[in-house]
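Below is one structure, written out as structure tokens; comments come after it.
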Amino acid sequence: MHDLKDLRTRPDYYKDKFSKRDKSLLLLFEEILKLDEQKRGIQTKADELRKRKNEIADEIGRSKDHKEKVESLKKGGSDVNSKLAEIEKEEMDLTYKLTEKALWLPNIVCDSVPEGEDETKNKEISKWGNPRSEKWIKSHWEIGTKLNLLDFERGVKVAQSRFTVLSGIGAKLERALMNFMLDHASSKGYKEISPPILVNKESMTGTGQLPKFDGDFYKCENEFLYLVPTAEVPLTNLYRDEVIPLEQLPVKYCAYTPCFRREAGAASKDTRGIIRQHQFNKVELVKIVLPETSDKEHEGLTDDAEEILQKLELPYRKILLCTGDTGFSAMKCYDLEVWFPAQNTYREISSCSNFGSFQARRINIKYKPNPKDKPQFVHTINGSGLAIGRTMAAILENYQTEKGTIIVPNILRSYLGNITEMC
RNA sequence: GGACAGGUGUUCGAGUGGUUUAAGAAGCAGACCUGGAAAGUCUGUGUGCCCCAAAAGGGUACCGAGGGUUCGAAUCCCUCCCUGUCCGCCA
């Protein structure tokens, strides 16, 4: 959500920014400016009528003894009210349309974000580790099934496609990863939270999942609740409609949750393996920070996520997304992509975004720079630290031995009863 | 799920149809006082939106949310949400 006042004060700036993201936004932008102007005109009219209404009511209160005067004043009051009813209907109508449209405007991106329409224009920032590429390395689904860590068929039987069962060491490995990642986040100063994983519509709208991406999420029948697509939603919304005391900033939270996504537009993508599931587990990192520090805090959060991959000794690269590929609510986003030797490619395992004040404005999270100052919007940042299913898949491929076993990454051994190999 | 009681500003708390522009108090900020402080005295103290080139100023809305009655609603009526207590049910 943007500040409408700011949109109308410097339209050229926004036009330039929006056109870099997506040219078709210009039309929406113009529409919003027009609605805004209409709405303000009507509001002024309505305010005037409401003023008149209040004056009449006051006057009746003061002259209760003069019966005739009161009668004529009442008549005047009714007249004003009938006019006001019309204007107010129009006002409500325009306000509704305006906010409805405004919710569809994406964030504008940072100047440091490369221009481009799709992922081909993303910029590689760095690479870490030595990718393996031996031909004998099996895909994670093949080796996972062979070692009885993953059971795809029973996942489908119990639920449907894109649901997988983990069993034995497979299930334990997932739990180990969850604990390791939470411990890592804690050591970096993130407070551990166990949030609701069903959230209401306000929360989904607040972080920007709705209204644009309705249909991507699981919704409870007869309840106005959604299964979270990411812990970002409950974590960021914890402070909705609050003014955070200055000394509490920055707020740093982490949470492990299952995540649920319908993957409606991904029919033929990643149909094998556990890369793209309807249900997956993730540890999420969220920061709520002062605007002037958000750049630094974003870099810091990305570093924190990278460190997990380094500790797991998984090769990865860091990508800065271009304007066209940056998510709806984000102003800047790094993707961490882990190496999958069997697929001979890097795949996204974490997405670390700085949202500026975009989410804060939608959900009304503020702070006061000084006790006397007006409350200002905070900045919000989040990133995966990390997607657990994909991390597990990466381990199955990167730690495979030629004899068909999986070495347990050093850092995880203490979480797995000190076993060193899965076979 | 049933019964009862509640939801007022940063906080406590008054207010059950009309000088309430939300009493009063606490807190906070400023000024005075003081060698300095405390105490005391005085003043100020919310948020959103709109008008205004800007500032100054003004308007409007907000007493859990949304409707309704009325010239006028924190106050009356309806629906919903939440909190508390008790009962029922349940990991």
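Just so we're on the same page: letters track the sequence lines, and every chain starts at 1.
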ask   = Could you give the CZ-to-P distance, from A:Arg50 to B:rC51, as a whole number of Å?
value = 14 Å
ask   = Roughly how far apart, to the nearest Å, are B:rA56 and B:rA61 at atom C1'?
value = 23 Å
message = Nearest whole Å is fine: how far is B:rC71 P from A:Leu84 CG?
response = 14 Å
Interatomic distance at P, B:rG64 relative to B:rG13, whole Å = 15 Å
remark   = In whole angstroms, the gap separating C1' of B:rC71 from NZ of A:Lys74 amounts to 7 Å
request  = Tell me which nucleotide among B:rG72, B:rU47, B:rA61 gets nearest to the side chain of A:Lys374.
outcome  = B:rU47
query = Quick one: is B:rC49 close enough that its OP1 or OP2 comes under 4.0 Å of any side-chain N or O from A:Arg40?
reply = no
task = Using Watson-Crick or G-U wobble geometry with both distances below 3.5 Å, tell me the partner of B:rU69, or none.
result = none
request  = Could you tell me which nucleotide pairs with B:rA37 by Watson-Crick or G-U wobble geometry, both distances under 3.5 Å, or answer none if nothing does?
outcome  = none
inquiry  = Nearest to the side chain of A:Pro375, heavy atoms from C-beta on, is which of B:rU47, B:rC71, B:rC49?
reply    = B:rU47
inquiry  = Once you apply a heavy-atom cut-off of 4.0 Å, does A:Lys45 come out as touching a base, just sugar-phosphate, or nothing?
reply    = nothing
request  = Establish, with yes or no, whether the OP1 or OP2 oxygen of B:rA29 is under 4.0 angstrom from a side-chain nitrogen or oxygen of A:Lys368.
outcome  = no
note = B:rG6 -> Watson-Crick or G-U wobble partner, both distances under 3.5 Å, gives B:rC82
Side-chain heavy atoms of A:Thr380 within contact of A:Lys287, under 4.5 Å = no
inquiry  = Rounded to whole Å, how long is the line connecting atom CD1 of A:Ile56 with atom P of B:rA73?
reply    = 13 Å
ask   = For A:Asn81 and A:Asp47, take the nucleotide of RNA chain B holding the closest heavy atom to each; which residue's nucleotide lies nearer the 5' end?
value = A:Asp47
message = Would you measure the distance from the P atom in B:rU10 across to the matching atom in B:rU45 and give it in whole Å?
response = 14 Å
query = Can A:Tyr14 and A:His2 be counted as having a side-chain donor-acceptor contact under 3.5 angstrom?
reply = no
query = What interatomic distance, in whole Å, is found between P of B:rG40 and the corresponding atom of B:rG46?
reply = 24 Å
query = Is there a Watson-Crick or G-U wobble partner for B:rA14 with both distances under 3.5 Å, and which nucleotide is it?
reply = none
ask   = Nearest nucleotide by nearest heavy atom, which residue falls closer to the 5' end of RNA chain B, A:Asn54 or A:Leu73?
value = A:Asn54
ask   = Within the structure, does a side-chain N or O atom of A:Arg8 lie under 4.0 Å from either OP1 or OP2 of B:rC50?
value = yes
task = Take atom P in B:rA74 and the same atom in B:rG9, then report the distance between them in whole Å.
result = 14 Å
task = Would you please indicate if the ring centroids of A:Phe18 and A:Phe29 are separated by under 6.0 Å?
result = yes
query = Say you pick atom P in B:rU83 and the same atom in B:rG67; how far apart are they, in whole Å?
reply = 23 Å
A:Glu48/A:Lys51 under salt bridge (Lys or Arg N to Asp or Glu O under 4.0 Å): CA gap, chis, key distance, verdict = CA-CA 5 Å; A:Glu48 275 161 15; A:Lys51 183 187 178 190; over 6 Å; no
message = When both hydrogen-bonding distances must be under 3.5 Å and the geometry is Watson-Crick or G-U wobble, what is B:rC52 paired with, if anything?
response = none
inquiry  = Counting only heavy atoms from other residues, nucleotides and ligands, does the tally under 6.0 Å from CD of A:Glu68 exceed 12?
reply    = no
request  = Send over the distance from A:Glu59 CD to B:rG18 C1', rounded to a whole Å.
outcome  = 13 Å
message = Could you tell me how far B:rC78 sits from B:rA5 if I compare only their P atoms? Round to whole Å.
response = 14 Å
message = Would you say NZ of A:Lys201 has more than 12 non-hydrogen atoms from neighbouring residues, nucleotides or ligands within 6.0 angstrom?
response = no
task = Tell me which nucleotide among B:rG48, B:rC71, B:rU60 gets nearest to the side chain of A:Lys366.
result = B:rG48
task = With a 3.5 angstrom cut-off on both distances, give the Watson-Crick or G-U wobble partner of B:rC90, or none if there isn't one.
result = none
message = Distance check needed: B:rG59 P versus A:Asp58 CG, whole Å only.
response = 12 Å
key: Rounded C1' spacing from B:rC63 to B:rC12 in Å   = 15 Å
Passing option when A:Asp111 is tested against A:Lys20, A:Lys17, A:Lys332 for salt bridge (charged side-chain N to carboxylate O under 4.0 Å, His left out) = A:Lys17
message = In this structure, how many angstroms lie between the C1' atom of B:rA29 and the CG atom of A:Asp373, rounded?
response = 13 Å
task = Could you check which nucleotide pairs with B:rG27 in any of the strands shown, counting Watson-Crick or G-U wobble with both distances under 3.5 Å?
result = B:rU45
remark   = Rounded to whole Å, CZ of A:Arg62 lies from P of B:rU21 at a distance of 10 Å
